[in-house]
Amino acid sequence: MRNVLDVRVLANRYVAQLNLCCPQNPSSYSLARTVHAHVIASGFKLRGHIVNRLIDVYWKSSDFVYARQLFDEIPQPDVIARTTLITAYSALGNLKMAREIFNETPLDMRDTVFYNAMITGYSHMNDGHSAIELFRAMRWANFQPDDFTFASVLSASTLIFDDERQCGQMHGAVVKSGIGLFPAVLNSLLSVYVKCASSPLVSSSSLMASARKLFDEMPKRNEFIWTTLITGYVRNDDLAAAREILDTMTEQPGIAWNAMISGYLHHGLFEDALTLFRKMRLLGVQLDESTYTSVISACADGGFFLLGKQVHAYILKNELNPDRNFLLSVGNTLITLYWKYGKVDGARKIFYEMPVKDVISWNTLLSGYVNAGRMEEAKSFFAQMPEKNLLTWTVMISGLAQNGFGEQALKLFNQMRLDGYEPNDYAFAGAITACSVLGALENGRQLHAQIVHLGHDSTLSVGNAMITMYARCGVVEAARTVFLTMPFVDPVSWNAMIAALGQHGHGIKAIELYEQMLKEGILPDRRTFLTVLSACSHAGLVEEGNRYFNSMLENYGIAPGEDHYTRMIDLFCRAGKFSDAKNVIDSMPFEARAPIWEALLAGCRTHGNMDLGIEAAEKLFKLIPQHDGTYVLLSNMYASLGRWNDVARTRKLMRDRGVKKEPACSWTEVENKVHVFLVDDTVHPEVLSIYNYLEKLNLEMKKLGYIPDTKYVLHDMESEHKEYALSTHSEKLAVAFGLMKLPQGATVRVFKNLRICGDCHNAIKFMSKVAGREIVVRDGKRFHHFKYGECSCGNYW
DNA sequence: GTAGGGTTAG
């Protein structure tokens, strides 16, 4: 038998021990289990504060199941136990269960803290309306709100308030309740004004003025209040006002400086961010993980790799004992820093040395692989990720699409939906890009419909991707419609639309659009010039192209890069001006590398300039001996000159050197279905009937003066299919198929992922004449529109 | 038993 006093002492000791438990302390859980065992062993009844503390420690140590079990064992849980359980359910995001406990609790048992817990639950789950509704009910039932209540309700208010009147009313309620002096409440009230000012629906200036007034009247300000106001100005794009507040601070809390640095960062003012960082160090302001993450991020986005590396070294030297969270967020930004400057292996090293990693770490390195085009590594990395989120899928889908793996990207997009993810605009943009790569118009249209349905069609990423998709699928009108109906456009949109016109042979229109862009005050960048030069090249606008090329450095201070010189060589070669093309190479300020010679060889193939072509090929064999494109271009060049022995010799050379050729395929859109003819060197059964149809066409073509039956092998086929392949190429097959199947008057569209050859170009020209139809054929990224024996590219194929 | 600020990935 114990006496009452002993029992109390013991109970207090248990509670004191349990109060030492906190979720940050990893031994909390076992400590609680020990106390728990002691209590039972000493014959104590589990009740009162002890059981309540146990429930609290258990759920906070991630053992909610046990906490709930304990709760159920109590015959009559008091209001504290109930409050704990409501908090636990809210933290797990299960507001339904939290509310159930709430409703089961009789009115006379409830107190203010009990209401606070439920209101906070709603507020944390971003359900502002329910939080405020409960706040009203609480006051209706005559419970007195306290400082905690207001802090939660105000936080909920920031989610839903969008006008000044509501802010004023809430302000009034706080004043009336007589609690206004608590810093937490004042800070929350300030947040309400500040967040309401960030809403696009209201005029921010008068709300920020109210916020400022509240701030000026505050009797006491803590570091959070300073920070909230600075963030407020930053979010409303008034960096000067934010800086003014920072400069008038008497104390120097690090978090306020962090807010300012992050403000500069998000407004692209990287140098200001870094200057402020230097000042922080000079004044001895406390630096923390947040400072480092922002600063490294500023280095990553602002072009300061070396400085970023210095910060990295500084951290290694001065932060001797950083905690695990520190290593996590700082490590994550360091990964970004390294891969953005092409140091994927450096990024990889940091990743694998990190003691703790989260989804962001994985996603960041995944982006690094994808961005560097290291898709094999990206794929296996993706497969071994322990946790994925929406961004993971998005990065992988658009990465696959942009690196040419269209089918895999679409497969992954479907997989993502099967896994229960609702794609966002970026994911849709990735899928649309995949359709561009594949030329899968029908698929793209279906996605377009879904995008409109889900309301993603007004976003830039989707709009820009759709312009390109429609253009590359041969329907430039649809691309134009997208461009014209987009609520906002950016330089990427202009580029995409100019490219769309250029790729379809509308060179003049492309240039007109470019001029219009200039008139609207948008500055061209390196990519714009690539687009414009391509457009000129495809339309044979030699003079214009030359003029734009010269304007790059003269008017815009942009030094032409290798890719711009490549376009110029292309431009001159298409026009047959080989000496000009050669001059371009000689005048370049750097050594000609493979892309330059490849452009020259491609140009020589088009116009059968054998000597120069051989010269270019020789250079390429030295520079990139295993590249299949050189052999294909060279043999095509010989073929266009009718030098079949040289064709055979080149192909033998390729085999002897063990060069693998990418498999090719061809498809056409007929009756809303995509028909694939040749994939990986296999022949579709329908090829035979097409072949016969083509024979008939050939006869008619002969009558019209075209000489068909070029005797060389279809590049994509091996010997077993030669019987059907001897006289035709896959583009021709596809066109013939379209002519057979599509009703008179319909346009035949062929989307192919190779460059069209001269023989096919001629053949299709005549086919369009014989059939009296419009035929659209894809040639790499651009298109040929054939009509009555003419082609949109004129003489500049 | 309940609240408030700054932070990284496309």
Side-chain angles (χ1 to χ4, degrees), chain A residues 49 52-53 55-56 59-60 77-88 90 111-121 123-124 146-156 158 182-192 194 222-232 234 253-263 265-266 288-297 300-301 325-326 328-337 339-340 358-368 370-371 389-399 402 424-427 429-430 461:
Chain A
H49 281 319
N52 288 345
R53 286 297 299 139
I55 294 172
D56 195 39
W59 85 260
K60 281 182 182 159
D78 63 9
V79 69
I80 295 180
R82 289 162 193 266
T83 306
T84 310
L85 214 64
I86 287 174
T87 311
S90 303
D111 62 10
T112 298
V113 180
F114 177 76
Y115 272 94
N116 290 350
M118 193 66 227
I119 293 173
T120 306
S123 165
H124 275 178
D146 63 4
D147 50 337
F148 284 91
T149 321
F150 275 109
S152 292
V153 167
L154 289 168
S155 158
T158 61
F182 286 96
V185 176
L186 281 178
N187 188 29
S188 306
L189 192 56
L190 192 58
S191 297
V192 174
V194 155
N222 64 17
E223 53 187 313
F224 299 135
I225 290 173
W226 288 101
T227 313
T228 304
L229 192 65
I230 290 174
T231 324
V234 163
I255 56 169
W257 289 70
N258 293 347
M260 194 68 230
I261 291 186
S262 128
L265 171 66
H266 289 297
D288 65 8
E289 58 184 286
S290 208
T291 325
Y292 291 123
T293 43
S294 294
V295 164
I296 295 166
S297 186
D301 292 339
N325 285 330
F326 178 98
L328 180 61
S329 57
V330 173
N332 287 348
T333 35
L334 280 171
I335 298 174
T336 314
L337 175 77
W339 79 248
K340 281 209 173 157
D358 64 0
V359 209
I360 298 182
S361 330
W362 287 85
N363 283 350
T364 309
L365 187 58
L366 182 70
S367 304
V370 160
N371 223 278
N389 63 15
L390 190 61
L391 193 78
T392 319
W393 291 90
T394 310
V395 167
M396 199 61 201
I397 290 166
S398 49
Q402 278 162 16
N424 60 3
D425 50 336
Y426 279 107
S461 51

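As a basis for the values below, the full set of heavy atoms in this structure was taken, side chains included, without hydrogen atoms, waters or symmetry mates. Order of the sequence lines sets the chain letters (A, B, ...), proteins ahead of strands, with each chain counted from 1. Please read all numbers here as calculations on a predicted model, not as lab measurements.
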Ring pair (Phe, Tyr, Trp, His ring centres under 6.0 Å) partners of [X], counting only residues at least two apart:
X: A/W226; result: A/F215
X: A/F150; result: A/F135
X: A/F114; result: A/F102

Which distance, rounded to the nearest 0.5 Å, do you find between the CG of A/L366 and the OG1 of A/T394?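 So the CG of A/L366 and the OG1 of A/T394 are separated by 10.5 Å.
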
Using 0.5 Å steps for rounding, measure from the NE2 atom of A/H49 to the CG atom of A/D78.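 Here the rounded value is 8.0 Å.
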
For a 4.0 angstrom threshold against heavy atoms of chain A, report the outermost contacting nucleotides of DNA chain B in 5' to 3' order.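 Boundary nucleotides touching chain A, in 5' to 3' order, are B/dG1 to B/dG10.
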
Which part of the nucleic acid does [X] contact within heavy-atom distance under 4.0 Å: base, sugar-phosphate only, or nothing?
X: A/N424; value: base
X: A/Y115; value: nothing
X: A/R53; value: sugar-phosphate
X: A/T149; value: nothing
X: A/D425; value: nothing
X: A/H266; value: sugar-phosphate
X: A/V395; value: sugar-phosphate
X: A/T83; value: base
X: A/T394; value: base
X: A/N222; value: base
X: A/D78; value: nothing
X: A/W59; value: nothing
X: A/T364; value: sugar-phosphate

Only counting residues at least two apart or in another chain, list the ones meeting side chain to side chain contact (heavy atoms under 4.5 Å, CB included) with A/T364.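 Per chain and number, A/T364 pairs via side chain to side chain contact (heavy atoms under 4.5 Å, CB included) with A/I335, A/T336, A/W339, A/I360.
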
Who pairs with A/T392 by side chain to side chain donor-acceptor pair (under 3.5 Å), at least two apart in sequence or on another chain?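 With neighbours one apart ignored, the set is A/N363, A/N389.
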
